[in-house]
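Step one of this worksheet: look at the structure below.
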Amino acid sequence: MISQLTKTERLLALVISVFVAFVGLLMAGAGQADPLGAHGFVVLGFGIAMAFVIISGYHAPEPAKERLAQYYDDPVKAGIVLAMAWAVFAMFIGDWVAWLLAYPEMTFDAAWASFGRLRPVHTTGVIFGFGGNALIATSLHVMQRTGRTRLPDQLSPWFVLIGYNLFCVLAVSGYLMGITQSKEYAEPEWYADIWLVIVWVTYLVLYLRTLARRKEPHIYVANWYYLAFILVVAALHIVNNLALPTSFANARSYPIFSGVQDAMVQWWYGHNAVAFFLTAGFLGMLYYYLPKGAGRPIFSYRMSIVGFWGITFFYIWVGSHHLHHTALPQWVQTLGMTFSVMLLVPSWIAAANALLTLNGAWRKVRDDATLRFMMVAAVFYGLSTFEGSFLALRPVNSLSHYTDWTVAHVHAGTLGWNSMVTFGAIYYLVPRLWKRTRMYSPALVELHFWLSIAGAFVYVFAMWNSGIIQGLMWRTYNESGTLAYSFLDSLVAMHPYYVARAAGGLLFLVGTVIGFYNIVMTIRGAQSAALDAASERPGFAPAPRGAFQAGE
């Protein structure tokens, strides 16, 4: 890594590392009686470690100018490995929590092991650790190929990747210490949020700089989705996390919004994090790697553009459907419900466009588990978006809200859509980035696929049954007009479904561990001399433009 930086970039990297260490020292000193101090030592140690890494290679020869004729993929490689490491860790925590819900006595007598602390470790680790690293890595890979240009410098992508993972470490370790804002998908406190803003703005600037220097005049649609993901997530994160620290020596802060306004802003953020982090970014991934894996152009480029603008416009308004039957004004709830139903159109356009792209390539889908991952992801995307629109209807929501049906819906999206398309993209990338003829074991890719399918189906069907039964039990009245079942009765009824959910999660976790092992072994394998290095030159061939089909 360091040997590829220029002398100026090494100096700048060293300055940044020293500055980070200095900030960590200030945090450690100011927060001696507060959890902020513990995070100060984490930041201090991180800054010192990075400074030593840079110093160890500081006097290495300058990289050759010939590097500028090749794509810069080292940050992409690191991002893939980090994504898979986070996947194994976060899915392990998630399955642990699932078993705890079935058998609460299987725990430690320690605050860090409580459900309230472990659950955000799982969600943050999966969404931001696994998903975020995969999105950063694939976006840098796709931008270079579709723009036929190299990243503008070597330092910025490393700053984004390493800085982003520092944020993830601060978030996850903070939850275990009890540091949280208690906002869904936005739990990290003010100092971690500020650091993420710095990293994310650097990411946006890096992406725009790469886009501006492209050699391909056409901006391929995958880049539209990636750029929407970067831009909107920045706005969401900043607005939702506007808060005042109790002091600069304390980890605690208070949001500037209160009451129902705070709830509305939170779910404007929460559902649009789903929209632009877990949907738009991954659609960018799908729109590049699915056609590449199938060896066919996008079925309809026009459909991809219509879907993009539909998703961008409709999704912004739907967050209030999380707040049905609350103090939020009725017209705002109705607005969110209406746009949620309308959202089904662009969502199904995207899913249909992906599946129709496979016309003429179904034999390849049958034989290639990598492509099958992405095909199944498109199917799950279509199904989970339909379910989301259905659950947003107020009469349905009155049954499903606060039940495990919502958990089933979320995991149909994260396991079936986000994880599957990510695994497919990673399996496509790894042999090509590391110059291997194939994955270490195609049989293990196949095993990973079927374990993931089995785990996702067992998990989702268990939670569908659990959620619907919960909702029906909570609204069943006896002849005297009182509730027929206590809350404890519903918990007893849920136990077999919770065991099934944990078993399904275990299958998915085992598949992920097998996938990580397969990737590591592929990386360690011998490089193939048969792969043409010329294809890695930025100006070698036109990017996959997904040309307009006949009649468009």
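For clarity, every value in this text was computed on a predicted model and none was experimentally measured.
- Judged by distance alone, with hydrogens and angles left aside, the side-chain atoms of R119 form no donor-acceptor pair with the main-chain N or O of V97 at under 3.5 Å.
- Checked against side chain to side chain contact (heavy atoms under 4.5 Å, CB included), S340 has the following partners two or more places apart in sequence or in another chain: V318, H321, A392.
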### Task
Just do the ring-ring contact (aromatic ring centres under 6.0 Å, His included) check on F380 and F457 with the steps written out, would you?
CA-CA 11 Å; F380 265 101; F457 272 106; 5.6 Å; yes

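- Residues that satisfy the ring pair (Phe, Tyr, Trp, His ring centres under 6.0 Å) test with F159, not counting sequence neighbours, are W195.
- Side-chain N/O atoms of E387 and W405 include a donor and acceptor closer than 3.5 Å.
- T124 and Y175 form a side-chain donor-acceptor contact under 3.5 Å, judged by distance and modelled atom types alone.
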### Message
Pair N353, Y287 - check side-chain contact (heavy atoms from CB on, under 4.5 Å), show working.
### Response
CA-CA 9 Å; N353 203 11; Y287 270 125; 3.4 Å; yes

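- With a 4.5 Å cut-off on side-chain heavy atoms, L140 and L206 count as touching.
- In this structure, H411 NE2 and T406 OG1 are separated by 12.0 Å, a value rounded to the nearest 0.5 Å.
- Residues S452 and F373 are in side-chain contact: their nearest non-hydrogen atoms beyond the backbone lie under 4.5 Å apart.
- Applying the 6.0 Å contact sphere to CZ of F390 captures no more than 12 heavy atoms from other residues, nucleotides or ligands.
- Here Y428 pairs with Y289 under the ring pair (Phe, Tyr, Trp, His ring centres under 6.0 Å) rule; sequence neighbours left out.
- In this structure, a donor-acceptor pair under 3.5 Å is absent between the side chains of Y427 and N518.
- A cation-pi arrangement is present between R372 and F449, with the terminal nitrogen or guanidinium carbon under 6.0 Å from the aromatic centre and inside a 45° cone about the axis.
- Annotation: side-chain hydrogen bond (donor to acceptor under 3.5 Å, both in side chains) contacts of W362 (sequence neighbours excluded): none.
- Here the shortest heavy-atom pairing between V332 and L328 reads CG1-CD2, 3.7 Å.
- In this structure, I349 CD1 and I305 CD1 are separated by 11.5 Å, a value rounded to the nearest 0.5 Å.
- Other residues, nucleotides and ligands contribute more than 12 heavy atoms inside 6.0 Å of the CH2 atom of W158.
- Partners of S156 according to the side-chain hydrogen bond (donor to acceptor under 3.5 Å, both in side chains) rule, which considers only residues two or more places apart in sequence or in another chain, are D153.
- Contacts of W267 classified as side-chain hydrogen bond (donor to acceptor under 3.5 Å, both in side chains), with partners at least two apart in sequence or in another chain: none.
- Stacking of R145 on the aromatic ring of Y288 is not recorded, the 6.0 Å distance cut-off and the 45° axial limit not both being met.
- The closest side-chain donor-acceptor pair between T149 and Y71, if any, does not fall under 3.5 angstrom.
- In plain terms, the two heavy atoms of H448 and G511 that are nearest each other are CD2-O, 3.0 Å.
- For the residue pair H271/H322, the side-chain donor-acceptor check at 3.5 Å is satisfied.
- Between the side chain of T312 and the backbone N or O of W309, no donor-acceptor pair lies under 3.5 Å.
- The backbone N or O of G416 lies less than 3.5 Å from no partner atom in the side chain of S419, so there is not a single donor-acceptor pair.
- The residue from V88, V126, V121 that alone fulfils the side chain to side chain contact (heavy atoms under 4.5 Å, CB included) condition with I93 is V121.
- Heavy-atom neighbours of F257 CZ from other residues, nucleotides or ligands within 6.0 Å: above the threshold of 12.
- Contact check on D404 versus R501 returns no salt bridge, with no Lys/Arg side-chain nitrogen under 4.0 Å from an Asp/Glu carboxylate oxygen.
- Legend: residues meeting ring pair (Phe, Tyr, Trp, His ring centres under 6.0 Å) with Y226, ordered by chain and number and at least two apart, are absent.
- Considering F277, W224, F276, Y315 as possible partners of F229, the one that fulfils the ring-ring contact (aromatic ring centres under 6.0 Å, His included) test is F277.
- Residues satisfying the ring pair (Phe, Tyr, Trp, His ring centres under 6.0 Å) criterion with Y269, sequence neighbours excluded, are absent altogether.
- Judged as a side chain to side chain contact (heavy atoms under 4.5 Å, CB included), and not counting sequence neighbours, the contacts of Y402 are W474.
- Taking the ring centroids of W417 and Y381, they lie under the 6.0 Å cut-off.
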Identify all side-chain donor-acceptor contacts of residues 234-243 below 3.5 Å with residues at least two apart in sequence or on another chain.
unit_1, atom_1, unit_2, atom_2, d
H237, ND1, N241, ND2, 3.2
H237, NE2, D193, O, 3.2
N240, ND2, Q266, OE1, 3.2
N241, OD1, Q181, NE2, 2.8
N241, ND2, H237, O, 2.8

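- For T357, there are no side-chain hydrogen bond (donor to acceptor under 3.5 Å, both in side chains) partners two or more places apart in sequence or in a different chain.
- The distance from the CD1 atom of I311 to the OH atom of Y225 is 4.5 Å, given to the nearest 0.5 Å.
- For L82, the side chain to side chain contact (heavy atoms under 4.5 Å, CB included) partners at least two apart in sequence or on another chain are N133, L161, N165.
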